Amino acid sequence: MSMNQTPMSERVHIGFFGRRNAGKSSVMNAVTGQDLAVVSEVRGTTTDPVYKSMELLPLGPVVMMDTPGIDDEGELGSLRVKKSYQVLNKTDAAVLVVDGTEGASPEDAALIDRIRKKNIPYVVAVNKSDLASGDAEGKVCQTLGLEGEKVISVSASSGEGIHELKEKIAQIAMAEETEKRIVGDMISPSDFIVLVVPIDKAAPKGRLILPQQQTIRDILDSGAVSIVVKETELKETLEHLGKKPKMVITDSQAFAKVARDTPEDILLTSFSILFARYKGNLRQAVEGVTALETLEDGDTILISEGCTHHRQCDDIGTVKLPRWIRKYTGKEIRIETTSGTEFPDDLEKYKLIVHCGGCMLNEREMKYRLSCARDQGVPMTNYGILIAYVKGILKRSVQVFPEIAELLG
Ligand SMILES: Nc1nc2c(ncn2[C@@H]2O[C@H](COP(=O)(O)OP(=O)(O)O)[C@@H](O)[C@H]2O)c(=O)[nH]1
Ligand SMILES: [Mg+2]
């Protein structure tokens, strides 16, 4: 994806689910008006989830996600079913496709159940209306115990009902959209905000990373002024600015120097802290990091990052964090790492999970991971908050959120 497009994590994720041959791929193609996914009469053709970023009017930027059938069998089949359920973890709006000639099955009912538990808005598309006889839609409503407004009769072949389905998807997905800000809710027009962005060898060539870009955009949306400097220019900039900045926002890795160079009467925080609030749960991450105090020799920590290709994260997750954790605790800590879409189901063996900021994961996926940890009673924090904590500056950096600062005593 080019840098000029809406980032993946900010797009509404629309997932198509259902049994094999229900017409998931066909319905997704019909809704988008494009041949994105392979359609076949051979059951189990879609073996991996298919993702496609596009503009879907009237909704705007979306990711369309086609999935393998939820009734697939055998060893490989059950792996595919698992993949479909993983897609559900990042789905903002779900379309359950049912073959109208066959009606709804127990797998469909189980899926609806799961979708409801996760509070994901959904619509059921009863497909193949060109073939179905009688009241296929009514029967599906009855089997699944749904009201009529959740169910739409469609035909991917003839196009019947596809327009209505598209409108319905937009309607349920938009109802979910909430106005969230990275910093915009804390600043006023014409405020000065100083952003500290180290340009070291880990910085990507010729550009800024996504959280930095998004923060600048949010400041622009507020009518405030962003001043972007490296940590080496911060002190002089603050001295010569002529107006006290409202806030300094720094990359976590430069935190120690930036904290020294920023006078106490200026609010100081980090991109990680702002994004923990924006994405998931700042409170859980701040509570989670205090687990460092109780670690023992032989305890295991999971370090997990959402992307597979980001060199900067890589280096932090595999080299720097383990070093800092061992140094801070003085214990023999075992470290395991995961990256990308993999996130272990069983977290109980970990004493702490340290996750990246999740700039490549959408909010739902991040929340899902946080809730897995919470459900299993495992403390979870993130890179930036852990760095600030071990360097003794977390308290100062959450001063912008007094109810969070309180947690640190
Ligand atoms: N008659 C008819 N056939 C359809 C319709 N939608 C899909 N099919 C056929 O059903 C089969 C399975 O479709 P596909 O989209 O691959 O199903 P998936 O496994 O759920 O992704 C293919 O042979 C399609 O041509 C429809 O609305 N009407
Ligand atoms: Mg398919």
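Count residues from 1 along the sequence. In listed order, ligands and their atoms are each counted from 1. All figures in this text were calculated on a predicted structure; none of them were measured in a lab.
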*Asks:* Quick one: nearest non-hydrogen protein atom to atom 14 (P) of ligand 1, plus distance?
*Replies:* Ser26 OG, 3.6 Å
*Asks:* Where is the nearest protein heavy atom to atom 6 (N) of ligand 1: which residue, which atom, and how far?
*Replies:* Asn127 ND2, 3.0 Å
*Asks:* So, Asn127 and Lys24: side-chain donor and acceptor under 3.5 Å apart, yes or no?
*Replies:* no
*Asks:* Do you see a donor-acceptor pair shorter than 3.5 Å between the side chains of Lys52 and Gln34?
*Replies:* no
*Asks:* Ser25 to ligand 1: N or O pair under 3.5 Å?
*Replies:* yes
*Asks:* Is there a polar contact between ligand 1 and Arg20, counting only N or O atoms under 3.5 Å apart?
*Replies:* no
*Asks:* List the closest protein heavy-atom neighbour of atom 16 (O) of ligand 1: residue, atom name, distance to the nearest 0.1 Å.
*Replies:* Ser40 N, 3.0 Å
*Asks:* Using a plain distance cutoff, I'd like to know if Lys24 has any nitrogen or oxygen under 3.5 Å from a nitrogen or oxygen of ligand 1.
*Replies:* yes
*Asks:* Mind checking whether the Mg ion (ligand 2) has an N, O or S of Thr46 under 2.8 Å?
*Replies:* yes
*Asks:* Does Gly18 reach ligand 1, in the sense of a heavy atom lying below 4.0 Å from it?
*Replies:* no
*Asks:* Give me the residue, atom name and distance of the protein heavy atom closest to atom 19 (O) of ligand 1.
*Replies:* Asn21 N, 2.9 Å
*Asks:* Got a second to check how far Leu370's CG is from Glu365's CD, nearest 0.5 Å?
*Replies:* 10.5 Å
*Asks:* Looking only at the side chains, is there a donor atom on one of Ser25 and Asp66 sitting less than 3.5 Å from an acceptor on the other?
*Replies:* yes
*Asks:* Should you measure from each heavy atom of Asp130, which atoms of ligand 1 turn up under 4.0 Å away?
*Replies:* 1 (N), 2 (C), 26 (C), 27 (O), 28 (N)
*Asks:* Would Lys235 and Asp261 satisfy salt bridge (Lys or Arg N to Asp or Glu O under 4.0 Å), going step by step from the backbone distance to the final call?
*Replies:* CA-CA 5 Å; Lys235 197 160 193 277; Asp261 289 350; 5.3 Å; no
*Asks:* Counting only heavy atoms not in Glu233 (residues, nucleotides, ligands), do more than 12 fall under 6.0 Å from its CD?
*Replies:* yes
*Asks:* Give me the residue, atom name and distance of the protein heavy atom closest to atom 10 (O) of ligand 1.
*Replies:* Lys128 NZ, 3.2 Å
*Asks:* Under a 3.5 Å threshold, yes or no: a donor from one side chain and an acceptor from the other, between Tyr383 and Glu305?
*Replies:* yes
*Asks:* Mind checking whether the Mg ion (ligand 2) has an N, O or S of Ser26 under 2.8 Å?
*Replies:* no
*Asks:* Looking at Ser155, which atoms of ligand 1 are within less than 4.0 Å of one of its heavy atoms?
*Replies:* 27 (O)
*Asks:* Tell me whether the count of non-hydrogen atoms from other residues, nucleotides or ligands lying under 6.0 Å of NZ in Lys82 goes above 12.
*Replies:* no
*Asks:* Provide, to 0.1 Å, the distance between atom 25 (O) of ligand 1 and the closest protein heavy atom, together with that atom's residue and name.
*Replies:* Val39 CG1, 3.8 Å
*Asks:* Any side-chain donor paired with an acceptor under 3.5 Å for Arg364 and His13?
*Replies:* no
*Asks:* Are any of the N/O atoms in Leu131 less than 3.5 Å from those in ligand 1?
*Replies:* no
*Asks:* For the 3.5 Å polar cut-off, considering only N or O atoms, please tell me whether Ala156 and ligand 1 meet it.
*Replies:* yes
*Asks:* Test Val194 against every option in Leu241, Val225, Ile249 by the side chain to side chain contact (heavy atoms under 4.5 Å, CB included) rule and name the one that passes.
*Replies:* Leu241
*Asks:* Any atoms of ligand 1 less than 4.0 Å from a non-hydrogen atom of Arg19? List them with their elements.
*Replies:* 20 (O)
*Asks:* Look at atom 5 (C) of ligand 1 and say which protein heavy atom is nearest, naming residue and atom and giving the distance to 0.1 Å.
*Replies:* Ser157 OG, 3.4 Å
*Asks:* Where the side chain of Asp99 meets the backbone of Gly23, is there a donor-acceptor pair that is under 3.5 Å apart?
*Replies:* no
